[in-house]
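Remarks on the structure that follows.
All values derive from a computational prediction rather than experimental measurement.
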Amino acid sequence: MHFDHTIDIDASPAQVWNILADVARWAEWTPTMKSFEWVEGDTLAVGARVRLEVDGAPKGVWTVTDLDEGRSFTWMLDMLGVHTVGGHVVDPREGGSRVTLTLEQTGFVATLLKPLIARVSKRNLPIEAAGLKRASESRVAV
């Protein structure tokens, strides 16, 4: 299953990236983040691991698998028979930035739980994007 949400933000890519990359502070701008804890590392880097609890999903440990500093990062979670890959991309656009958030979920259990997973993903991605937009547009540009 694939889910994505794209939003235009009237802030520089650097400003948006600074907020997005500070994953420990996501709860300040998105109500979907219920808890956060560093498991390995203390900054966004390939191999860093964080324990997250997101609204509508069980707490799990995400591992950063790809990082293009200033532009994108990907992390993954394997839990309860569901393999999830989350992508976060900041692209420049005239007058600001365009952010795309993605979730790819595969596995036998993902197929069984498709209605639940779809409902949570389709609800959370727009909430997270809107929160990032508010936070980015309300801060002084970098």
As an exercise, state the distance from OG of Ser121 to NZ of Lys114, rounded to the nearest 0.5 Å. 11.5 Å
Whether Trp29 and Trp26 hold their rings parallel, tilted or perpendicular, with breakpoints at 30° and 60°: tilted
Side-chain donor-acceptor pairs of residues 52-70 under 3.5 Å, sequence neighbours excluded:
from	atom 1	to	atom 2	distance (Å)
Thr65	OG1	Thr74	O	3.4
Glu69	OE2	Trp17	NE1	3.1

Any side-chain heavy-atom pair from Leu132 and Ile7 closer than 4.5 angstrom? no
Set of residues satisfying side chain to side chain donor-acceptor pair (under 3.5 Å) with respect to Thr100, sequence neighbours excluded: Thr6
Side-chain contact, heavy-atom cut-off 4.5 Å: Leu116 with Arg119? yes
Is it true that Val39 and Leu80 fall in one hydrophobic cluster, defined by side-chain heavy atoms closer than 4.5 Å? no
Using side chain to side chain donor-acceptor pair (under 3.5 Å) as the criterion, list what pairs up with Arg51, not counting sequence neighbours. Glu37
Looking only at heavy atoms, the pair that brings Val82 and Gln105 closest together is CG1-CB, 4.2 Å
Counting distance only, does the side-chain N/O of Asn18 pair as donor-acceptor with the main-chain N or O of Ala14 below 3.5 Å? yes
Side-chain heavy atoms of Lys122 within contact of Phe3, under 4.5 Å: yes
Count I, L, V, M, F, W, Y as connected when their side-chain heavy atoms are under 4.5 Å apart, and connections chain through other members. Are Leu103 and Val89 then in the same cluster? no
Examine Met79 and Met1 and state if one hydrophobic cluster contains both, with Ile, Leu, Val, Met, Phe, Trp and Tyr joined whenever side-chain heavy atoms are less than 4.5 Å apart. yes
Would you say Asn124 and Met33 make side-chain contact, with heavy atoms under 4.5 Å? no
Residue pair Ala11 / Ser136: nearest heavy atoms and the distance that separates them: CB-O, 3.7 Å
His88 side chain to Phe73 main-chain N or O, any donor-acceptor pair under 3.5 Å? yes
For residues Gly96 and Pro13, report the shortest heavy-atom separation together with the two atoms involved. O-CD, 3.9 Å
Using the rule that Ile, Leu, Val, Met, Phe, Trp and Tyr join whenever any side-chain heavy atoms are under 4.5 Å apart, tell me whether Met76 and Leu113 fall into a single cluster. no
Regarding Thr30 and Glu128, do their side chains bring together a donor and an acceptor under 3.5 Å, going by distance alone? no
Can you name the closest pair of heavy atoms from Glu137 and Asp10 and give their distance? OE2-N, 2.7 Å
Do you reckon Val50 sits in the same ILVMFWY cluster as Val46, going by side-chain contacts under 4.5 Å, direct or chained? yes
Atom of Glu40, atom of Gly47 and distance for their closest heavy-atom approach: OE2-O, 4.1 Å
